[in-house]
Amino acid sequence: ALTRPLYASLAVSAVLLTALVALRSRTNNVALGIRTRAAASSLVSPALARVQARQFIKQSIPPSFQCPRGATRPLRSYAELQQIANEAHEGNKMLIAPSILSANFAKLGEDVDRVLADGADVVHFDVMDNHYVPNLTIGPMVCKALRDHGVTAPIDVHLMVSPVDRIIPDFIAAGASYITFHPEASLHVDRSLQMIKDAGLKCGLVFNPATPLDILEYVIDKVDIVLLMSVNPGFGGQKFIPNTLEKAKKARALIDAEMARSGRKIRLEIDGGVSPANIKEVAAAGVDMFVAGSAIFNTPDYKETIDTMRAELAQVEPVSA
């Protein structure tokens, strides 16, 4: 008789566990489907794999992002958002990408709206896992929330996580425009890049200050963005590492050669310690996409800061398409 309550308790626990597993299965359905499709894509031609991935995403992702509280912003489809991102990427304009790691998270949507209205081009989205880097930040739910809030500008997701393949599909479904990751964080860099490209997004590699560019030579036919870290990743507000300028010149030479060969646009991006005081020098090294966090968000007037950056960039000959 004493064992009956124990059996009853175990039965209840089993029911609850089953319910939790079912709930998690439903919430991960889209991401799991994309991951499964990405794995299967290695068995077919790249062109067919890309078509299959896009068809699956079209079926799995909501056709548009909208604010659940009934905001009056126009609806934007997944395809429209990607078209906006592609146009920004392909143009000759030097892009300023404020890192929201330094934004006001109590009013993140409003802060992002404000910095975009004041002249920013791209939303830089730093993802840290307290494993690959010693900090923990934000994930795909925040990316999706920005899309639901009505943000239509390109969202540039920088993954400082390991492993990357697990989280890439979640950001695809959340509305990311560009996804970059560190080669050290992937066991199969080519496969990870292809997973992003199969979804129709722009992809890229990130190189830490002490990481050589060697691997870029073997995958440059796939990358759309080369991101150089000019600080050690993990925290905002660090000082710019000057040696990154020489690295940028080497990266620009590799990029120019590939662009001449293929005709594809490849952006050279830099992240860390960029400010109005040094952005001109950074641009002169061949960079055409600039991440700035505290240099923008820690100032009282975003527009004045971005306008100052634009004035400095205007003195540098733009990188040709």
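None of these values were measured; they are calculated from a predicted model. Throughout, residue positions are numbered sequentially from 1 according to the sequence presented.
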Interatomic distance, [X] atom [atom1] to [Y] atom [atom2] [nearest 0.5 angstrom]:
X: Q83; Y: E80; atom1: CD; atom2: CD; answer: 7.5 Å
X: L187; Y: D165; atom1: CG; atom2: CG; answer: 8.0 Å
X: I100; Y: T137; atom1: CD1; atom2: OG1; answer: 9.0 Å
X: L216; Y: I266; atom1: CG; atom2: CD1; answer: 8.0 Å
X: Y78; Y: R147; atom1: OH; atom2: CZ; answer: 9.0 Å
X: S177; Y: H89; atom1: OG; atom2: NE2; answer: 11.5 Å

Among side-chain atoms of [X] and [Y], is any donor-acceptor pair under 3.5 angstrom?
X: N86; Y: E90; answer: no
X: S192; Y: S186; answer: yes
X: S294; Y: S102; answer: no
X: D113; Y: H149; answer: yes

Would you mind checking if D121 and R310 are paired as a salt bridge, meaning a charged N to carboxylate O distance below 4.0 Å?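 Salt bridge: yes.
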
Test: R264 and D224 ion pair at under 4.0 Å: yes

With side chains defined as the heavy atoms from C-beta onward, is the minimum distance between [X] and [Y] less than 4.5 Å?
X: F125; Y: L146; answer: yes
X: V127; Y: F171; answer: yes
X: P209; Y: K247; answer: no
X: L193; Y: L205; answer: yes
X: V223; Y: I255; answer: no
X: T305; Y: D118; answer: no
X: N232; Y: N208; answer: no
X: L201; Y: Q82; answer: yes

[Y] backbone acceptor or donor facing [X] side chain under 3.5 Å:
X: R191; Y: M195; answer: no
X: D129; Y: S162; answer: yes
X: N135; Y: M128; answer: no
X: R267; Y: D288; answer: yes
X: D170; Y: P140; answer: no
X: K197; Y: K222; answer: yes

Hydrophobic clustering (ILVMFWY, side-chain heavy atoms < 4.5 Å, transitive) - are [Y] and [X] grouped together?
X: I84; Y: I179; answer: no
X: I168; Y: V219; answer: yes
X: V142; Y: V123; answer: yes
X: I241; Y: L228; answer: no

Of the non-hydrogen atoms in [X] and [Y], which two are nearest, and what is the gap between them?
X: T211; Y: F207; answer: CG2-CD2, 3.8 Å
X: F297; Y: P98; answer: CE1-CB, 3.6 Å
X: P134; Y: N130; answer: C-OD1, 3.8 Å

Please list, chain by chain and in numerical order, all residues satisfying ring pair (Phe, Tyr, Trp, His ring centres under 6.0 Å) with F240, sequence neighbours excluded. none

Would you please name every residue forming a ring pair (Phe, Tyr, Trp, His ring centres under 6.0 Å) with F290, sequence neighbours left out?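 Scan of F290 (ring pair (Phe, Tyr, Trp, His ring centres under 6.0 Å), adjacent residues dropped) gives none.
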
Does [X] sit in a hydrophobic cluster with other residues, and if so which ones, taking ILVMFWY side chains as linked at heavy-atom separations under 4.5 Å, directly or through other members?
X: V231; value: V206, L227, M229
X: V291; value: none
X: I225; value: L95, V122, Y178, M289

Can you name the salt bridge (charged side-chain N to carboxylate O under 4.0 Å, His left out) partners of [X], sequence neighbours left out?
X: E317; result: none
X: D221; result: none
X: D307; result: K303
X: K107; result: none

Only pairs under 3.5 Å count here: list side-chain donor-acceptor contacts from residues 276-287, not counting sequence neighbours, and write none if there are none.
{"from": "N278", "atom 1": "OD1", "to": "S275", "atom 2": "N", "distance (Å)": "2.9"}
{"from": "N278", "atom 1": "ND2", "to": "G273", "atom 2": "O", "distance (Å)": "3.0"}
{"from": "K280", "atom 1": "NZ", "to": "Q315", "atom 2": "OE1", "distance (Å)": "2.9"}

Verdict with supporting geometry, V189 and I215, side chain to side chain contact (heavy atoms under 4.5 Å, CB included): CA-CA 9 Å; V189 173; I215 194 172; 3.8 Å; yes

Using the ring-ring contact (aromatic ring centres under 6.0 Å, His included) rule, collect all pairs that involve residues 213-233, keeping only residues at least two apart or in two chains.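 Matches after skipping sequence neighbours: none remain.
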
Go through the steps to decide whether F105 and I138 satisfy the test side chain to side chain contact (heavy atoms under 4.5 Å, CB included), and finish with yes or no. CA-CA 10 Å; F105 271 77; I138 48 181; 3.5 Å; yes

CA sep, side-chain torsions, deciding dist, call: I296, I96, side chain to side chain contact (heavy atoms under 4.5 Å, CB included): CA-CA 10 Å; I296 294 176; I96 294 177; 4.0 Å; yes

Is it true that, when you exclude E304 itself, more than 12 heavy atoms of the residues, nucleotides or ligands shown sit nearer than 6.0 Å to its CD?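 Open: at most 12 neighbouring heavy atoms sit under 6.0 Å from CD of E304.
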
Ignoring hydrogens and angles, write down the donor-acceptor pairs under 3.5 Å from the side chains of residues 154-161, residues two or more places apart or on other chains.
{"from": "D156", "atom 1": "OD2", "to": "H124", "atom 2": "ND1", "distance (Å)": "2.8"}
{"from": "H158", "atom 1": "ND1", "to": "D126", "atom 2": "OD1", "distance (Å)": "3.2"}
{"from": "H158", "atom 1": "NE2", "to": "H182", "atom 2": "NE2", "distance (Å)": "2.9"}

